[in-house]
There are 2 protein chains.
Amino acid sequence: MSGTLYGIGVGPGDPELITLKALRLLQAAPVIAWPAPPEGESLARKIAAPHITHNPKEIAIRMPLEVTQFPDRGVYDQAAIEIGAHLRAGQDVVALCEGDPFFYGSFMYLYDRVVDHHPVVVVPGVSSLMAAAAASGSPLASRNDMLSIIPAPLPEAALSAAINGADSAAIIKVGRHLGKVRRVLHELGLIGNAQYVEHATMPHESTRRLAEITEDAAPYFSMILVHRRGTALR
Amino acid sequence: MSGTLYGIGVGPGDPELITLKALRLLQAAPVIAWPAPPEGESLARKIAAPHITHNPKEIAIRMPLEVTQFPDRGVYDQAAIEIGAHLRAGQDVVALCEGDPFFYGSFMYLYDRVVDHHPVVVVPGVSSLMAAAAASGSPLASRNDMLSIIPAPLPEAALSAAINGADSAAIIKVGRHLGKVRRVLHELGLIGNAQYVEHATMPHESTRRLAEITEDAAPYFSMILVHRRGTALR
C-alpha cells in the first residue's frame, strides 16, 4: 500500500505558528523533505527544527531561491523519484513548506509530479500575508474591499495598474524591486499609506512606513502593504 | 498593570488547524470573547471548543452575520467597554477569530477601539483562502501571478473587471451572489476554470467544478477559485 505525501505549511517564521495538524504529521513522519537554496540552510527546515526530535530520513530539494521563471524541472523530477520510492515502500513523506503550500510555494511542482501516482494531502498553513498584516497592525481588507497580491518583479506599468485597480494591495517578492515599487506608489499618491514589513514573526521582524525607507533593495522575505483608504477600518 | 487583548486566528474550521501559539494563549486566558450571530452558535467558538477546557469567563459579541456595510458600532462599543474593564483589572482577554483576524475579520473593529488604550497582539491564523486552495487541489498562484481576492457582493461590472484584471481570483462571500458570479465567469470565458469550495476543512467540506452547479445561492462559507491559465502550475 502506498504511503501518503503530505505538504504541510510550517507558517511564516515563528515555530509556534505551526498548526497542531502539521505538527502531528511532522512528528510521525519517517521521511521529511524540504526546499533549500543551492547551498546553505533551508528556511522551512529551520522553522520546523524545534519540532523535529525523532530523527527522520531527510531529503533536501535544492533550487534557486528566487524562482521567477519556470523552475528547474530536473530538481523536482529527481525529488519526485526519490520521494516516490519511499511512498511505494509504504512510507509517508512530509514535505515542509514555508507559510502555506499553495500560496506561491514551490511545493506545487512536487505535488504536480506525485498526485497522479500516490495519495497527496495538503495541510494549509499561516501565510506570510497574514503574518505581515499582524506585524504591521493594519487589517488587510474589510467588507467589499478587493485585495490584490502583486509580485514586485512585474513591469512598472503592470505593477501600477494592478495597485491602482485594488482597494488594498500586498506587494510581495520585493527584494531588489524596492525602488521601483516606491516610485510607483509615489506616482499613484499612495506612498503615505504604505507599510513595509520585513521578516514577519521572526526574531528580526521589522515594520516601518515605506516613506521612511531610502534603500533600493530589501530582503526577499519582505512585503509592502498599502490600502487605498489608508486603513481597512474606514 | 493592564492586561493584553489577543486577537487569535482559530483557523478555517478544522480544530486541528489552530496554531500552537493560539492554543497556548487560549488555554491560559481568564477571559475569552467571540463573535456570534444575533441568535445561536458562534463558529469561532465552535472551532475552538475542543480546546477550551478551563472554564474561562466568556463574552459574546453578537452582530449580523453578513456585514457588507459598516458594522453596527454599538455592538463593538459595548464589547470594548466590557473587555476594557477586564484589561484594566489586569486580566488578559483572548478574542477568537475565524480564519485570520485581519483578513476580512470583524476583530478589526474591536482592535480599533482598544489599541490606543491597552496592549493588543494579533496572532495570525490559517485563512479560508489557503484552506479552500488545499481542498480544491489547485495552487492559488505561482511566480509572478497577480492574485485578487474579490467579494462577490460587488456590482456585476466591478466584479467582471476585477476578475479580468487578475491571473488568479478568489471570489469570497458568494452566498446569494452565486448566479451573478457564474454569469460573469461565463461571459469572461473562465467558467471551465472555476472551482467551487464549500466549508473547507469542515466535516461537510465539498468541492465541485462551478460549471456543474446549477443553484443560484450558496452558503456564506463558500468560495470560488479561478485561474486564468486553468492552473498555477503552467
Side-chain angles (χ1 to χ4, degrees), chain A residues 7 9 11-12 14-21 23-24 67-70 100-105 107-109 111-112 115 120-127 129-131 133-135 137-151 153-154 158 161-162 165-166 173 201 232-233, chain B residues 7 9 11-12 14-21 23-24 67-70 100-105 107-109 111-112 115 120-127 129-131 133-135 137-151 153-154 158 161-162 165-166 173 201 232-233:
Chain A
D14 178 350
E16 215 186 355
L17 291 177
I18 196 171
T19 65
L20 303 187
K21 184 170 185 176
L23 182 69
R24 171 174 61 80
V67 179
T68 54
Q69 296 305 312
F70 286 88
D100 174 80
F102 272 177
F103 184 76
Y104 297 92
F107 173 72
M108 69 178 79
Y109 305 111
Y111 175 85
D112 188 39
V115 71
V120 184
V121 173
V122 177
V123 179
V126 176
S127 161
L129 176 65
M130 284 71 187
S138 302
L140 282 168
S142 66
R143 301 190 300 280
N144 285 342
D145 281 343
M146 173 181 161
L147 164 64
S148 292
I149 306 7
I150 306 170
L154 286 175
K173 306 185 182 188
T201 83
L233 282 159
Chain B
D14 178 350
E16 215 186 355
L17 291 176
I18 195 170
T19 65
L20 303 187
K21 184 170 185 177
L23 182 69
R24 171 174 61 79
V67 179
T68 53
Q69 297 304 312
F70 287 88
D100 174 81
F102 272 177
F103 184 76
Y104 297 92
F107 174 72
M108 69 178 78
Y109 305 110
Y111 175 86
D112 188 40
V115 72
V120 184
V121 172
V122 177
V123 179
V126 176
S127 161
L129 177 65
M130 284 71 188
S138 302
L140 282 167
S142 66
R143 301 190 302 279
N144 285 342
D145 281 344
M146 173 181 160
L147 164 65
S148 292
I149 298 44
I150 307 170
L154 287 175
K173 307 185 181 187
T201 83
L233 283 158

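Letters go in sequence order (proteins before strands), and every chain restarts at 1.
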Please walk me through it: do A:Tyr104 and B:Leu140 pass side-chain contact (heavy atoms from CB on, under 4.5 Å)? CA-CA 7 Å; A:Tyr104 297 92; B:Leu140 282 167; over 6 Å; no
Check: B:Phe107 and A:Pro139 side chains under 4.5 Å, non-hydrogen atoms: no
Could you look at A:Tyr111 and say if it's the side chain, the backbone, both or neither that has a heavy atom under 4.5 Å from chain B? side chain
Show the nearest heavy-atom pair for residues B:Met108 and A:Leu233, with the distance to one decimal. O-CD2, 3.2 Å
Under 4.5 Å from a heavy atom of chain B, the part of A:Ala158 involved: neither
Given the options A:Ser127, A:Ser138, A:Ala135, A:Ala161, which has more heavy-atom pairs under 4.5 Å with chain B than any of the others? A:Ser138
Interface check, chain B: of A:Val123, A:Asp14, A:Asp145, A:Leu154, most non-hydrogen pairs under 4.5 Å belong to A:Asp145
Specify which of A:Ala131, A:Gly125, A:Ala133 makes the most heavy-atom pairs with chain B at under 4.5 Å. A:Gly125
If you compare all heavy atoms of A:Arg143 against all heavy atoms of B:Lys173, which two are closest, and at what distance to 0.1 Å? O-NZ, 2.6 Å
Please rank A:Leu147, A:Ile150, A:Val120 by heavy-atom pairs under 4.5 Å with chain B and give me the top one. A:Leu147
How far apart are the closest heavy atoms of B:Gly137 and A:Phe102, and which atoms are they? C-CE1, 3.7 Å
If every non-hydrogen atom of B:Pro15 is compared with every non-hydrogen atom of A:Leu20, which pair is closest and at what distance? O-CD1, 4.4 Å
Between B:Ile149 and A:Ile149, is a side-chain contact (heavy atoms from CB on, under 4.5 Å) present by the stated rule, with each step listed? CA-CA 8 Å; B:Ile149 298 44; A:Ile149 306 7; 3.9 Å; yes
Cut-off 3.5 Å, side chains only: do A:Thr19 and B:Thr19 have a donor facing an acceptor? no
In terms of heavy-atom pairs under 4.5 Å with chain B, which of A:Ala134, A:Ala141, A:Pro101 leads? A:Ala141
For chain A, find which of B:Thr201, B:Leu129, B:Val115, B:Val126 contributes the most heavy-atom pairs closer than 4.5 angstrom. B:Val126
